[in-house]
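The structure under discussion appears below in the form of structure tokens.
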Amino acid sequence: MEWLIFAHGDCDGVCAASIVLAAKKDAKVVFTNPAGLLSELRSVEAGSIVILDVALTPKHRDEIASEFKRLGAKHEVVYLDHHPLPQGLSISKLPVKTLKGVRDACSSELAYTFFKDDLEPEMSRVAIYGAIGDYSDDTPGVRRMLEKWDKRELYLEAGILVAALEGVRKTDFGFKRSLVNYLSENRLPSADRSLVEIALRESERDEEMRRVVKSLVKTHGNVSYVVNVDWSLGKAATYARAYGETIVGVAADEQGENIDLSVRSIGLSSLHRITSSVAGMLGGIGGGHANAAGARIPRGKLLEFIEMLDEKLAKI
Ligand SMILES: [Mn+2]
């Protein structure tokens, strides 16, 4: 039976996809994101699917639920994700397999646990790379996997993966797909010299770009932000927050008619909800995690976004 993997293109998504590919050798891998998931689901006619590390956006909640019903009636639908679900959506009422009660586990950990019987035990290290990439390596499950490894070796491998993935274009799906094939054979990132080279170039660039962010950062109340710095949006948001000395940092990238945003915070519990609601009010879309979120809003709305975000933060 044919399997289709829908995965996010970051380290966690790539590692989770590699794990599922190791378990289901003929699976086809498709990289997508929250905004694109619905149309990908609609285009599936037959076959089992796995969704890895792709948040279900509140905007498409009901349509996605009906796609899950359509596909789940005839095939297996496996949903392995750790983003908060849209309010009012209950996965347990849909014909979908998932793992429940695995608190804070990233998609790579979930994928390893779910497909464990079809995997070589040493694929656990690929799950650990994904967990490190998502700052999710301090869970009971990953701590147990780490008992079989020297974690210092795995941090080097994960560091190479994270840096290499940040160093290629987000949409370089050819690169990502061959990386998934490579990791599905449990080959080491450090054994691929071209991957190491991309990672080293990226860390040189990080050193330079941190200074650029420091010189460009602006602050509005509780929010620091930078616009169009040609660097990983997540890192730019993190360093905007750190150098602006606020609780929230935003990095914005103007792309055609839209602005792509990363938002990073410390000590909040619902950044994803705040980001989603502000983006929604501006005609955009957003989501993510408790302290790391992303959004896409129409061009020209950045300052409104920053102001509304600051107002929401002032209330909590
Ligand atoms: Mn993830």
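Residue numbers run from 1 in the order of the sequence given. Quick caveat, the model's predicted, so the values are computed rather than measured. Every heavy atom of this structure was used, including side-chain atoms; hydrogens, water molecules and symmetry mates were not. In listed order, ligands and their atoms are each counted from 1.
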Is the distance from the Mn ion (ligand 1) to the nearest N/O/S atom of D12 under 2.8 Å?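 True for D12.
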The Mn ion (ligand 1) to nearest N/O/S of H82 less than 2.8 Å: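 So H82 does bind the Mn ion (ligand 1) by this criterion.
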By atom name, which N, O or S atom belonging to D134 lies closest to the Mn ion (ligand 1)?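 Nearest to the Mn ion (ligand 1) within D134's N, O and S set: OD2.
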Shortest-distance N/O/S atom, D53 versus the Mn ion (ligand 1):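 Closest N, O or S atom of D53 to the Mn ion (ligand 1): OD1.
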L21 and L119: same hydrophobic cluster, using ILVMFWY side-chain contacts below 4.5 Å?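 Yes, it is one cluster - the side chains of L21 and L119 are joined through contacts under 4.5 Å.
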Measure the shortest side-chain to side-chain distance between V14 and D53 over non-hydrogen atoms and say whether it is less than 4.5 angstrom.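 Not touching, per the 4.5 Å side-chain cut-off.
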Do H272 and H83 have ring centres separated by under 6.0 Å?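 Between H83 and H272, which both carry aromatic rings, the centre distance is not below 6.0 Å.
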Compute whether any side-chain donor of one residue and acceptor of the other, for D134 and H82, lie under 3.5 angstrom apart.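 Indeed, the side chains of D134 and H82 share at least one donor-acceptor pair under 3.5 Å.
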